[in-house]
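Here's the structure, in structure tokens; my notes come after.
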Amino acid sequence: MRYYDTMLAEYLKNPGQRGLGLDALAKRKFQYDMKSYDEVSQKKKLRFDEVDLEVAANYSWEDVYMTWKLYSEQGSMKDWNPSPVKPISGGVSIQKLDILQDMELPLLKILSDMEMRGIRIDRDFLKWLEGRLEQAIWELESEIYELAWEDFNIKSPKQVGELLFGKLGLPRAKKTKTWYSVDSEVLEELAKKYPIAALISKHRHYSKLLSTYVIGLLEVADEDDRIHTSFNQTVTATGRLSSTNPNLQNIPHGDDVAWEIRKAFIPYREEDMLVAFDYSQIEVRLLALMSGDENLLWAFRDMRDIHQVTAEFIFKKNTISSTERKFAKAVNFGVIYGISPFWLSKMLDIPQKDSRHYIDTFYASYPKVREFYDTLLEKARKTGYVETLFWRRRYTPSINDRNKMIASWAEREAINMPIQGSNADIIKLAMLQIQEYLDKNNCKSVMLLQVHDELIFNIVPEEKETLLVEIPRIMENIIPNSSIHLKADAVMGKSWKECK
DNA sequence: TAGGATTGCAA
DNA sequence: TATTGCAATCCTA
């Protein structure tokens, strides 16, 4: 079946823009005001099948005609993205594919199937968790009121601030736009001396889990105990998906009660398993691939722990403590996001002199990473855009802004996009190839979720052995003849919690 | 009731 | 003064 989507086409031309719907595009491109459904249905009083036929027809032709007009105008992606082959490191080239025709449009069908399928939850377990959290929150509440000598709304940052910094006179730390911050960082610091801060912190944590996850998920589960998220394909600036109603891409996995939330996600049938397949350290691997840095490439070729390797460079020794590894990990990630020494020092709670040294040493150890970023920024300043491995494009025109803050913000966007966006390209291609494999082999196992660098499946017992091998194999071989080895791990369990 | 502000959850 | 997201809640306009 052939199909097309004007919204996807427009998104790919410029993923930053809003107003990609048919109405907005008709207005923007053809100065045409489409009739609203409100007009036709007399302010939603009528269902569409109750609308007078002539009125309905008069409303419908616009959708058809405007879609066709846009389709004709948009044409093929090749018109605006002409280069045929992209040279990357190690003499490897990536054959240009048309990301609309060969990636996003086929993915649309897969995402739609995933949404309709839904993921099963254990409603009874969530109900039980709801009661337990309510009880815990209620107890915390009384303790807090006792220490505060008054009742107030603990969920109101304003009232918490007034109590802590006003009535109780606790030391103030950082500011928000309007007053003094009472976020978790501040509360944790205060909690060292003042028990009430620890209690408020815990209350926050439990309230978050209860309202967003327990109640939130129970509210949207259907009569078959399944949750159907919406995967949005035209929201992010980098090419990632996003998930709403509910967002299933930010389910907690903290080390305590938060983990319990994931216990509620279960396979369709008693005998099935949930399996999570995730790309291991894909962003640093992509940095190695795209920069062509030999030291990074060697580290992965030798199957080294990349944070350990960076730590060895930074601290110039072979025995690395867990703190040193943690620091190196923060540096590895920080570089991908274009972090400043200031922020890194704050994050690691070390002097700015040290954090600056760590970042400098990183670039000295992986010299081609700096070259890669220099070239990237130079090109972004000249052309106004950056691109992924598979030619997805993001425009960052403000990189030439006279305001230095605005320009450096755009620089960080430009630095991050090729990595985050290539990651998105790769997992999207993996989803296509995996689905193709499942179809070809008449598999009963199905894809349920995508969480940026991992895929969650409902696996039936008779396919377990094969798919646990085949799916990672497909994921690892998305880039043909690559100088870098992509690594995919599989973890299975009777609930999402066990897939860790 | 709409929307900004704050907060916190994920990769 | 680290990238990309979504949502609950409070509270003002």
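Because the structure is a prediction, the values reported are computed rather than measured. Below, chain A is the first sequence line, B the second, and so on; all start at residue 1.
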A:Glu134 vs A:Tyr206, test: side-chain contact (heavy atoms from CB on, under 4.5 Å). Steps then yes/no. CA-CA 8 Å; A:Glu134 274 170 352; A:Tyr206 289 170; over 6 Å; no

Tell me whether the side-chain N/O atoms of A:Ser184 come closer than 4.0 Å to OP1 or OP2 in B:dG8. yes

So, are A:Lys368 and A:Glu371 salt-bridged, with charged N and O less than 4.0 Å apart? no

A:Tyr337 OH - C:dG5 P separation (whole Å): 12 Å

Which of the following nucleotides, C:dC6, B:dC9, B:dA10, is nearest to the side chain of A:Arg262? B:dA10

Does B:dT6 have its OP1 or OP2 closer than 4.0 Å to a side-chain nitrogen or oxygen of A:Ser181? no

Are A:Phe362 and A:Tyr358 close enough that their ring centres sit under 6.0 Å apart? no

Base, sugar-phosphate or nothing for A:Gly254? Non-hydrogen atoms, less than 4.0 Å. sugar-phosphate

Quick note, A:Ile339 side chain, CB onward, closest among C:dA2, C:dG5, B:dA5 is C:dA2

Hey, does the side chain of A:Ser156 come within less than 4.0 Å of C:dC11's phosphate (OP1/OP2), counting only N and O? yes

Ring-base stacking, A:Trp343 with C:dT1 (5.5 Å, 30° cut-offs): no

Nearest-nucleotide pick for A:Pro252, side chain only, options being B:dG8, B:dT7, B:dA10: B:dA10

Rounding to a whole Å, what distance do you find between A:Ile251:CD1 and C:dC6:C1'? 11 Å

So which one's nearest nucleotide on DNA chain C is more toward 5', A:Leu344 or A:Leu241? A:Leu344

Looking at the side chain of A:Thr176, which of C:dT12, C:dA2, B:dT6 is the nearest nucleotide? B:dT6

Tell me the interatomic distance from A:Ile215, atom CD1, to C:dT9, atom P, rounded to whole angstroms. 7 Å

Can you tell me the distance, in whole Å, between the CD atom of A:Glu162 and the C1' atom of C:dC10? 12 Å

Spacing of A:Met417 atom CE relative to C:dT3 atom C1', expressed in whole Å: 12 Å

Do A:Asp225 and A:Arg123 meet the salt-bridge criterion of a basic N to acidic O distance under 4.0 Å? yes

What about A:Arg240, does its side chain sit under 3.5 Å from the base of C:dT4 through a donor-acceptor pair? yes

Given A:His452 and A:Asn423, is the side-chain hydrogen bond (donor to acceptor under 3.5 Å, both in side chains) satisfied, shown in steps? CA-CA 8 Å; A:His452 310 307; A:Asn423 183 359; over 6 Å; no

Can you identify which nucleotide, out of B:dG8, C:dT4, B:dA11, has its nearest atom closest to the A:Asp183 side chain? B:dG8

Donor-acceptor pair under 3.5 Å, A:Asn247 side chain vs C:dC6 base: no

Hey, is the side chain of A:Gln450 poking within less than 4.0 Å of OP1 or OP2 on B:dA11, counting only N and O atoms? no

Any side-chain N or O of A:Ser211 under 4.0 Å from OP1/OP2 of C:dT9? yes

Considering only NZ, NE, NH1 and NH2 on the basic side and carboxylate oxygens on the acidic side, decide whether A:Lys497 and A:Glu260 come within less than 4.0 Å. yes

Is A:Glu498 salt-bridged to A:Lys263, cutoff N-O under 4.0 Å? no

Nearest whole Å is fine: how far is C:dA2 P from A:Trp409 CH2? 7 Å

Taking only N and O in the side chain of A:Lys158, is any of them less than 4.0 Å away from OP1 or OP2 of C:dT9? no

What is the distance, to the nearest angstrom, from the OH atom on A:Tyr213 to the C1' atom on B:dT7? 12 Å

If the threshold is 4.0 Å, N to carboxylate O, is there a salt bridge linking A:Asp354 and A:Arg356? no

Side-chain donor/acceptor of A:Gln420 to base of C:dT4, under 3.5 Å: no

So, does A:Ser242 get its side chain near the phosphate of C:dC6, meaning an N or O under 4.0 Å from OP1 or OP2? yes

Please report, rounded to the nearest Å, how far the P atom of C:dA8 is from the CD atom of A:Glu219. 8 Å

Residue A:His205, side-chain atoms from C-beta onward, closest of C:dT3, B:dC9, B:dA5: B:dC9

Distance below 4.0 Å between A:Asn250 side-chain N/O and B:dA11 OP1 or OP2: no

Do any side-chain nitrogens or oxygens of A:His253 fall under 4.0 Å of OP1 or OP2 in B:dA11? yes

Does the side chain of A:Leu133 reach to within under 4.5 Å of the side chain of A:Val257, using non-hydrogen atoms? yes

Could you write out DNA chain C as dot-bracket? Rules: Watson-Crick or G-U wobble, both distances under 3.5 Å, brackets [ ] for crossings, | for pairs with another strand, dot for unpaired. ..|||||||||||

